[in-house]
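In what follows, a structure is listed as structure tokens, so that the remarks can point back to it.
Below, each value reflects all heavy atoms present in this structure, side chains not excepted, and no hydrogens, waters or symmetry copies.
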Amino acid sequence: MATMRVAARPELAPMKVAQISKAGGDFEIVDREIPTPGAGQVRIKVQACGVCHSDALTKEGLWPGIQFPRVPGHEVVGIIDELGPGVTTWKQGQRVGVGWHGGQDNTCRECRRGDFRNCQNLKISGISYDGGYKEYMVAPVEALAAIPESLSDVDAAPLLCAGITTYNALRHSGALPGDLVAVQGVGGLGHLGIQFAHKFGYKVAAIGRGSENATLAKKLGAHVYIDSQATNAAEELKKMGGAQVVLATAPSSKAMSELIDGLGPNGKLMVIGATFDPIEVTPAQLITGSRTIQGWSSGTAADSEDTLRFAELSGVRPMVETYPLEKAGEAYARMLSGKAQFRVVLTM
């Protein structure tokens, strides 16, 4: 999608936003004043914003302390159209993105140790402040990621959440090129996880429910497709020597639990599909083979830039369906239905 390089003229008209006015409320398309960036902030003319399953935390009011009305959106791509006071390292007209990591306090113990991803007062776009379901948004500079010119707006947006989460989890998983890595789920996260795993040089086993995803999984880079409805996926992994990593992307704790026995010696279940019911595992399953379970969330703006550059170089791209901002409610419902192929993106 082409990106216009004209200066924004916010004085001509108010902006459109898709907001939630109360927990569990419907999306409302309303006019608002275009915001002015404060110190250390920029204003972004939004070009595209991904619709993520985590946006349910905003819509349903599930995040503690969230205030309404609130505009969701943490897969934001746009152009800087105004710099706030003190901003010198970013330029007007520069393409940028904002992901889940919407800023940090720089004072907590984790920040002082450089672990910004686990900041105790982490800001999240679309939760801590209004996100990208609108024509203009304000974000702190620590949340900004530069967007490579060759990536379109709609391709870049999902990479700022689903992309960074799968990429970052895999590169920190400990798996080496040639290792067997299984990707559980061929969906919004999984279809990117398969691509990244293939480009990392792993032997990739994609695990899905039903045979209909087999052709697509192999097209995305899977060497093997395992239909968990037709066979015992853990046993199939064991026949291949056991997985060094199982990247659990589908939000089903039961499905994750069933794959633990498919881990090889020193294997790791890397959990990125968020759900609230418990994963069931016995101590004996972990002790045998020295297996581990680790959760992973997203990453910083610098990690987003790593993800985007790798995607640009390797050809990893999301599969997307697009909707105009005015149909934010329809787009959100499509995402929740599980029928989208595979990411939903709002365009402005």
Side-chain angles (χ1 to χ4, degrees), residues 1-10 12-20 26-32 34-35 42-56 58-59 70-81 93-100 102 125-126 130-139 143-164 188 191-192 304 307-308 311-312 316-337 339-348:
M1 183 171 69
T3 300
M4 297 294 291
R5 294 298 179 186
V6 292
R9 298 180 65 189
L12 294 180
M15 66 173 180
K16 297 287 186 186
V17 311
Q19 71 176 23
I20 301 296
D26 294 329
F27 281 95
E28 302 167 350
I29 307 300
V30 301
D31 290 339
R32 284 197 196 173
I34 294 175
V42 303
R43 185 173 66 213
I44 301 168
K45 187 179 190 301
V46 179
Q47 304 285 56
C49 184
V51 179
C52 181
H53 198 278
S54 297
D55 292 337
T58 300
K59 187 176 184 301
R70 181 60 78 220
V71 178
H74 58 267
E75 296 181 352
V76 189
V77 175
I79 302 168
I80 295 176
D81 86 303
Q94 186 172 358
R95 292 181 75 214
V96 294
V98 178
W100 176 263
S125 172
D130 285 341
Y133 286 29
K134 58 181 183 175
E135 293 177 316
Y136 293 86
M137 72 169 285
V138 168
L144 302 180
I147 306 290
E149 287 298 325
S150 67
L151 288 178
S152 71
D153 299 326
V154 296
D155 281 345
L159 294 175
L160 293 167
C161 184
I164 182 181
H191 89 287
L192 288 168
S304 287
T307 304
L308 293 164
E312 179 187 34
V316 172
R317 296 293 187 273
M319 296 172 64
V320 300
E321 297 180 4
T322 61
Y323 289 78
L325 175 64
E326 292 77 7
K327 294 187 177 181
E330 185 179 335
Y332 179 83
R334 176 66 171 170
M335 177 277 297
L336 274 188
S337 74
K339 297 178 181 178
Q341 300 290 317
F342 281 102
R343 303 297 293 186
V344 176
V345 177
L346 296 174
T347 57
M348 311 304 161

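- The side-chain heavy atoms of Leu159 and Leu151, taken from C-beta on, include a pair separated by under 4.5 Å.
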Task: Criterion side chain to side chain contact (heavy atoms under 4.5 Å, CB included) on Leu308 and Ile147, from CA distance to verdict - done: CA-CA 7 Å; Leu308 293 164; Ile147 306 290; 3.7 Å; yes
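- Taking CZ of Phe27 as the start and NZ of Lys59 as the end, the distance is 6.0 Å to the nearest 0.5 Å.
- Looking only at side-chain heavy atoms (C-beta outward), Ile34 and Arg43 come within less than 4.5 Å of each other.
- Taking the side chain as every heavy atom from C-beta outward, Arg343 and His191 approach each other to under 4.5 Å.
- Counting only heavy atoms from C-beta outward, the side chains of Met15 and Pro35 approach each other to under 4.5 Å.
- Aromatic ring pairs are classed by plane angle as parallel below 30°, tilted from 30° to 60° and perpendicular above 60°; the pair Trp100 and His74 is perpendicular.
- For the side-chain contact (heavy atoms from CB on, under 4.5 Å) with Val71, the lone residue among Asp130, Thr58, Val30, Ile20 that qualifies is Asp130.
- Tyr136 places none of its side-chain heavy atoms less than 4.5 Å from the side chain of Arg32.
- The minimum heavy-atom distance between Lys16 and Glu135, with the atom names listed, is N-OE1, 2.7 Å.
- Contact annotation: the side chain of Arg95 approaches that of Asp153 to within less than 4.5 Å [non-hydrogen atoms, C-beta and beyond].
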- [ ] Check step by step if side chain to side chain contact (heavy atoms under 4.5 Å, CB included) holds for Lys134 and Cys49.
- [x] CA-CA 9 Å; Lys134 58 181 183 175; Cys49 184; over 6 Å; no
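- Side-chain atoms of Val51 and Val345, non-hydrogen and from C-beta on, never get closer than 4.5 Å to each other.
- The minimum heavy-atom distance linking Arg70 with Gly126 is given by the pair CG-O, 3.4 Å.
- Counting only distance, with no hydrogens or angles, the side chain of Gln94 and the backbone of Ile80 share no donor-acceptor pair below 3.5 Å.
- With rounding to the nearest 0.5 Å, the separation of SG in Cys161 from NE2 in His53 is 12.0 Å.
- Residues Gln47 and Thr347 fail the side-chain proximity criterion, which asks for heavy atoms closer than 4.5 Å.
- Across all their heavy atoms, Lys45 and Asp81 have their closest contact at N-OD1, 4.1 Å.
- Residues satisfying the ring-ring contact (aromatic ring centres under 6.0 Å, His included) test with Tyr323, not counting sequence neighbours, are none.
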Open item on the list: Please determine whether side chain to side chain contact (heavy atoms under 4.5 Å, CB included) holds for the pair Val98 and Leu160, giving the CA-CA distance in whole Å, both sets of side-chain angles, and the decisive distance to 0.1 Å.
Closed with: CA-CA 7 Å; Val98 178; Leu160 293 167; over 6 Å; no
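- Minimum interatomic distance between Gly188 and Ala162 (heavy atoms only, all atoms of both residues): O-CB, 3.9 Å.
- The two atoms that bring Glu312 and Ser150 nearest to each other are OE2-OG, 2.7 Å, heavy atoms only.
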Task: side chain to side chain contact (heavy atoms under 4.5 Å, CB included) evaluation trace for Ser125 with Met137 - done: CA-CA 10 Å; Ser125 172; Met137 72 169 285; 3.8 Å; yes
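- Between Glu326 and Ile29, the shortest heavy-atom distance links the atoms O-CG1, 3.9 Å.
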